[in-house]
There are 2 protein chains.
Amino acid sequence: MTTAALIRQITPIRNPTTALANIGARDIARCPTHCSNCNLRELCLPCGLTGNDVARIDELVYTRRRVKRGESLYRVGDKFSSIYAVRSGFFKSCVILEDGRDQVTGFCMPGEILGMDGIGTEEHNLNAIALEDSEVCVIPFARLEEVSTLVPGLQRQVHKVMSREIVRDQGVMMLLGSMRAEERVAVFLLNLSQRFVARGYSPSEFHLRMTREEIGSYLGLKLETVSRIFSRFQEEDLVAVQQKHIRILDVAGLKKLMGQKLN
Amino acid sequence: MTTAALIRQITPIRNPTTALANIGARDIARCPTHCSNCNLRELCLPCGLTGNDVARIDELVYTRRRVKRGESLYRVGDKFSSIYAVRSGFFKSCVILEDGRDQVTGFCMPGEILGMDGIGTEEHNLNAIALEDSEVCVIPFARLEEVSTLVPGLQRQVHKVMSREIVRDQGVMMLLGSMRAEERVAVFLLNLSQRFVARGYSPSEFHLRMTREEIGSYLGLKLETVSRIFSRFQEEDLVAVQQKHIRILDVAGLKKLMGQKLN
DNA sequence: CGAGTGATTGAGAAGAGTCAAGAGCGGTGG
DNA sequence: CCACCGCTCTTGACTCTTCTCAATCACTCG
């Protein structure tokens, strides 16, 4: 990466503002960046905290950072200093093996936290790459730890967020370890749907931000297999697929595909 | 990511070099229950803490619990109250789907931490089952959090342990998502070997505590496939397998198996 | 409008799964 | 001590899912 690109990337946004899932740049400049005003707060780090404690987070989260589509928020080996709350946009995290194999380990949407892979080793173990122009709130982890010692509720919340990440990963292990291709794709779609609902979007109709190849990588399948399964689902009237646009027609049908497993 | 990193990664606690020389089960049984005296302290929760801070953990960890082979330390749905440090023995963690599928999500050996799957939801999301008669130190999590607010080093350590668990899981996702059966088994063996070394055991000769079926479940393979691959490795003089007794003959050869297929 | 990605589809190959038989090991009880 | 049982492991033959390779189509962007 060039220094210029690096500088652009780490340039903080000076005038913090309120979070609305799809506000334009002009609006951003106008509103303050405070968790207490952010409409993602119920999904994000402050979730479950009371007004007072949220105010303590406000002190922490004063920087934002934009990441253009295709650029990375951080890369393997980068020094770890902060975790990030996605404000808008969409990310994938992935590792690249020396032989070139690239494994997507997760997708991240607004209100979700990125970067916890770096805490243990003090450098990042994953790449986080924007799948569309995105914006994140930068949460300096050392300061978060400091404030956590003063605000037990916040400490607890940090632990919960990390624990959920562990449980989530183990869900993916289950998916990769014991499900057939059809089931994997069904789980993937249903999971996306759920996450969109939680953000106030339609549960049944959405745009995939990632390519078939990225989906395949995440699910441990080849892109052709993903494509074939989308086609098969379409034939069976479970979903309507048009390139990246997905409409889920039969949630029950998709769920039935996977024995019983509900996430 | 390097192959070495991957092998390391699926190890729960990346230990800091200080290998412990030949601790046997008998020695462990003799020492009083204090982290500061424990042979495993360099691998376990206190790893990296100074004498003073370790003393604070001593106050926390006053209970131990024995778990007989085949019994569970905790089960899905149990109320979460503590995390556990394995003192002796061997555990697997697994989830069981309604349709009977059973996915092993990890194996846990002395010095490693179990139970962090429960923090987020306040109940456990996994089953932890002893593969041999085992003993764990019980660490009440609420008290750990309290003490953490007073001892920044400890808070940091808790975060590191959790983060490593996240990174470990992502290593397993990589394994399940993009490796062929042979590679998976090779990584599995090399990883076990590393973890035994860190505990002062032979890197090349050890007993598998788990069945072929459990290995298969963990690696996303059927038990027959695991068995066949062991046989193939034996034919190629990479390892000597006799039921559960494993001798690794050619570490380099096993490592070479990984990364032969480009994507 | 054309170039370049990304997506779909087909045919054939390969890897892993399934089913089944039998061997090895360890414990139990006659 | 031996025979038997139950469990785990090994091996073979066959099946089937998923991958690979390749051709073609669909969109997007300049």
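Labels below follow one simple rule: chain letters A, B, ... track the order of the sequence lines, proteins then strands, and each chain is numbered from 1. Note that the structure is predicted; figures quoted are calculated from it, not measured. All values below come from the heavy atoms of this structure, side chains included, with hydrogens, waters and symmetry mates left out.
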Is a donor-acceptor pair below 3.5 Å formed from side chain B/E224 to base C/dC19, judging by atom type as modelled? yes
Which nucleotide wins on minimum distance to the side chain of [X], given the candidates [options]?
X: B/K244; options: C/dA7, C/dG17, D/dC9; answer: D/dC9
X: B/R228; options: D/dC27, D/dT11, D/dC9; answer: D/dT11
X: B/V241; options: D/dT18, D/dC27, D/dT10; answer: D/dT10

Identify whether any heavy atom of [X] sits under 4.0 Å from a base atom; if not, whether one sits that close to sugar-phosphate; answer base, sugar-phosphate or nothing.
X: B/T211; answer: sugar-phosphate
X: A/G220; answer: sugar-phosphate
X: B/L221; answer: sugar-phosphate

Between A/R168 and A/E112, does any side-chain N to carboxylate O distance fall below 4.0 Å?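 Looking at A/E112 together with A/R168, the answer is no, because their closest N to O distance does not fall below 4.0 Å.
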Distance check: side-chain N/O of A/T225 vs OP1/OP2 of D/dT18, anything under 4.0 Å? no
Would you say B/S231 places a side-chain N or O within less than 4.0 Å of OP1 or OP2 belonging to D/dT11?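 Result: yes.
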Tell me: [atom1] of [X] to [atom2] of [N], nearest whole Å?
X: A/Q234; N: D/dA26; atom1: CD; atom2: P; result: 14 Å
X: A/I229; N: D/dC16; atom1: CD1; atom2: C1'; result: 14 Å
X: A/Q242; N: D/dC27; atom1: CD; atom2: C1'; result: 11 Å
X: B/R209; N: D/dT8; atom1: CZ; atom2: C1'; result: 18 Å
X: A/E183; N: D/dT17; atom1: CD; atom2: C1'; result: 13 Å

How bent is the helix from C/dC1-D/dG30 to C/dG30-D/dC1, measuring the angle between the end axes built from five pairs each, rounded to 10°?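 Rounded value for the end-axis angle: 30°.
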Sub-3.5 Å donor-acceptor pair from the side chain of B/S193 to the main-chain atoms of B/L189, do we have one? no
Which pairs count as side chain to side chain donor-acceptor pair (under 3.5 Å) when at least one residue sits in residues 226-238 of chain A, sequence neighbours excluded? A/E182-A/R232
Tell me, with the steps shown, if A/F206 and A/Y201 meet ring pair (Phe, Tyr, Trp, His ring centres under 6.0 Å). CA-CA 8 Å; A/F206 46 85; A/Y201 298 110; 10.0 Å; no
Out of B/L249, B/I248, B/D250, B/L238, which residue meets the side chain to side chain contact (heavy atoms under 4.5 Å, CB included) rule with B/F233? B/L238
Among all residues two or more places apart in sequence or in another chain, which pass the side-chain hydrogen bond (donor to acceptor under 3.5 Å, both in side chains) test with A/T105? A/S93
Between atom CZ of A/R75 and atom NE2 of A/H124, what is the distance when rounded to the nearest 0.5 Å? 12.0 Å
